[in-house]
Amino acid sequence: MSLMTYDSSLNAEAAAPAAPEITDVGVMLQQLREQRGLSVSDVSRRLKYSEAQLCLLEQAQFDQLPKAAALRGMVRNYARYLKVDEHAVLAVLDKQAGTAPRPPVPRKIKGSWAGADTPLYAEEPRQRAWGWGLIIALLLFVAAFYALDRGWIPDSWLFFDWLKELKK
């Protein structure tokens, strides 16, 4: 597996193999860093990882580094900074350290909408919206009769005679 560098200028000559077949991700990252003339402190400042963590990574001492997803994230960020194919570097890391991401757990969804977007808590009982509607309607009813009693509603708005009699 060879790593290809990428350049924002899309120059075909700049996309040359950066490293031969390497099975040690630490050696690979160290060689790529040195090819670009970067020091460990330069990379540390840019990626916000300590120099000790980067040295441990380059020495492939994975037992002293974060596990699983955090280690993959560290290597991915390092590869992006060095402008190499992050997927190729992660493939080498997965072979070496066994950090491959776990496959997603399949969910059993009932109903004909199995492919649709489901709410986070599908099993929660639904709340009854009619209760709030009833409360709002009752408040509007009381407010209308209060306004009628106070004389705030003009006679032209009162369509029924019995409403006009209530106003008096």
Evaluate the side-chain proximity of [Y] to [X]: yes if any heavy-atom separation is below 4.5 Å, no if none is.
X	Y	value
L82	L38	yes
F62	L57	yes
L32	K83	no
E58	Y78	yes
R36	V84	yes

Under 4.5 Å between side-chain heavy atoms, counting indirect links through other Ile/Leu/Val/Met/Phe/Trp/Tyr residues: same cluster for [X] and [Y] or not?
X	Y	value
F141	W157	yes
M74	M28	yes
V27	Y81	no

- Item | side chain to side chain contact (heavy atoms under 4.5 Å, CB included) assessment of N77 paired with Y49 | CA-CA 10 Å; N77 289 337; Y49 293 117; 3.3 Å; yes
Spacing of [X] atom [atom1] and [Y] atom [atom2] [to the nearest 0.5 Å]:
X	Y	atom1	atom2	value
D94	Q96	CG	CD	10.5 Å
I135	L140	CD1	CG	12.0 Å
E86	R76	CD	CZ	5.5 Å
Q59	L54	CD	CG	11.0 Å
F145	I153	CZ	CD1	9.0 Å

- Under 3.5 Å: donor-acceptor pair, side chain of D42, backbone of S39: yes
- Query: Nearest heavy-atom pair of L71 and P66: which atoms, and what distance?
  - Reply: CB-O, 3.3 Å
- Which atom names give the shortest non-hydrogen contact between A60 and D24, and what distance separates them?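 Result for this residue pair: CB-OD1, 3.6 Å.
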